[in-house]
Amino acid sequence: MSLASKANALWEYANPKKFLTTSERVQPYVWSAAILCLVVGLAWGFFFTPDDYRQGSTVKIIYLHVPSALMAINAWLMMLATSLIWLVRRHHVSALAARAAAPIGVVMTMIALATGAIWGQPMWGTWWAWDPRLTSFLILFLFYLGYIALWEAIDNPDTAADLTSVLCLVGSVFAILSRYAVNFWNQGLHQGASIMRTAAITGADTEEKVSNVFFYPLLLCIIGFVLLFVALLLYRTGTEIRARRIKALLARERVGA
């Protein structure tokens, strides 16, 4: 199959009926895999890993904090991709998928902010600091709230999709800053990437992963959060499609009456 044929096959899922049929078929498998990964990963991380020699049991917050922070940022980037598809191709499923992802992303952001504060208090001696990464992450949270509010404030769905897509483009700057703020600015309390430790820290010639005793359950938790996001996204996008159909039918009935 040529690249063009593959692309055309992918665009078939922009058809709401095709999307609903496919998502309903795969959702049970995605939900099952997500629950399995989360239950095993969290139980493994919280109950079967040792305390860190410096952070003690506080280190175990990473099994919630790191996956939720990753998904908070990547959910917005997913919204960016679907918003661009809407602006270029005008496929309604893409706009509705972006709308469906926003509440999931805002919850992930809240979890990341809350767990970061819980970790920061014993480690930094404060619940909050105006650190570059923390500040940009807070602004991303506010963009999530603004995105959701803008959808609710505009009655015309196409106009709402256009304006929220533009807002998503602007907010993407802060999604990128949230991910790379530590690399852009040297000051701040927040450390760099938690999964990889650089040669400067370890004294080795190559990058070294965090100890496997923490890494494997963390990886399982990350996979679980990704699958949970996909499952929730499929479910909520289907709900948005059905809600749009109901509104269209009600409007048609009012016109007919």
Side-chain angles (χ1 to χ4, degrees), residues 33-77 104-141 174-229 232:
I35 293 170
L36 179 63
C37 288
L38 287 174
V39 169
V40 175
L42 291 174
W44 184 0
F46 281 114
F47 301 111
F48 298 101
T49 58
D51 293 347
D52 183 69
Y53 75 101
R54 295 172 67 182
Q55 301 181 44
S57 60
T58 311
V59 71
K60 297 183 181 183
I61 203 75
I62 65 171
Y63 302 116
L64 286 174
H65 178 70
V66 173
S68 60
L70 286 174
M71 291 315 304
I73 297 169
N74 288 317
W76 190 275
L77 296 179
I104 309 170
V106 79
V107 171
M108 294 290 182
T109 311
M110 289 174 63
I111 294 172
L113 288 170
T115 53
I118 293 170
W119 181 87
Q121 205 285 326
M123 292 298 105
W124 298 341
T126 179
W127 295 97
W128 178 262
W130 293 103
D131 174 274
R133 175 173 280 187
L134 272 64
T135 303
S136 58
F137 210 82
L138 177 61
I139 296 173
L140 177 63
F141 173 69
F174 292 95
I176 295 171
L177 286 178
S178 298
R179 176 63 183 86
Y180 296 106
V182 175
N183 298 332
F184 295 154
W185 296 283
N186 291 326
Q187 69 270 25
L189 295 174
H190 201 290
Q191 73 275 17
S194 300
I195 299 177
M196 300 294 291
R197 283 192 281 180
T198 62
I201 296 175
T202 62
D205 295 330
T206 59
E207 288 190 342
E208 179 184 334
K209 287 183 179 179
V210 69
S211 175
N212 288 339
V213 72
F214 299 115
F215 176 74
Y216 290 131
L218 175 59
L219 182 60
L220 198 57
C221 288
I222 292 172
I223 294 171
F225 267 75
V226 171
L227 292 171
L228 178 63
F229 172 77
L232 288 169

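Basis for what follows: all heavy atoms, side chains included, without hydrogens, waters or symmetry-related copies.
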For this session: Calculate, to the nearest 0.5 Å, the distance between atoms CG and CG belonging to Leu140 and Leu113 respectively.
Result: 9.0 Å
For this session: Could you check whether the rings of Tyr63 and Phe46 sit parallel, tilted or perpendicular, using 30° and 60° as the cut-offs?
Result: perpendicular
Exercise. Which atom names give the shortest non-hydrogen contact between Pro50 and Phe214, and what distance separates them?
Worked result: O-CE2, 3.3 Å
Seminar exercise, completed: So SG of Cys221 and CG of Leu38: to nearest 0.5 Å the spacing works out to 7.0 Å
Problem set entry | Heavy-atom check, side chain of Phe137 versus side chain of Ile73, under 4.5 Å | yes
Exercise. Between His65 (side chain) and Ala112 (backbone), is there a donor-acceptor pair under 3.5 Å?
Worked result: yes
Seminar exercise, completed: Closest non-hydrogen atoms of Leu218 and Val66, given as atom of the first, atom of the second and distance, are CD1-CB, 4.0 Å
Exercise. Quick one: CD1 on Ile139 to OG1 on Thr135, what's the gap to the nearest 0.5 Å?
Worked result: 6.5 Å
For this session: Over all heavy atoms of both residues, which pair between Ala34 and Leu227 is shortest? Give the atoms and the distance, please.
Result: CB-CB, 3.6 Å
For this session: Would you sort out whether Phe229 and Asn74 count as a side chain to side chain contact (heavy atoms under 4.5 Å, CB included), showing the intermediate values?
Result: CA-CA 10 Å; Phe229 172 77; Asn74 288 317; over 6 Å; no
Seminar exercise, completed: Interatomic distance, CG@Leu228 vs SG@Cys37, rounded to 0.5 Å, equals 10.5 Å
For this session: Grab the two heavy atoms, one from Gly41 and one from Pro217, that are nearest each other, plus how far apart they are.
Result: O-CB, 4.0 Å
Exercise. For the residue pair Ser68 and Leu64, what are the closest heavy atoms and their distance?
Worked result: OG-O, 2.7 Å
For this session: Return the minimal non-hydrogen interatomic distance between Thr49 and Lys60, and the atom names on each side.
Result: O-NZ, 2.9 Å
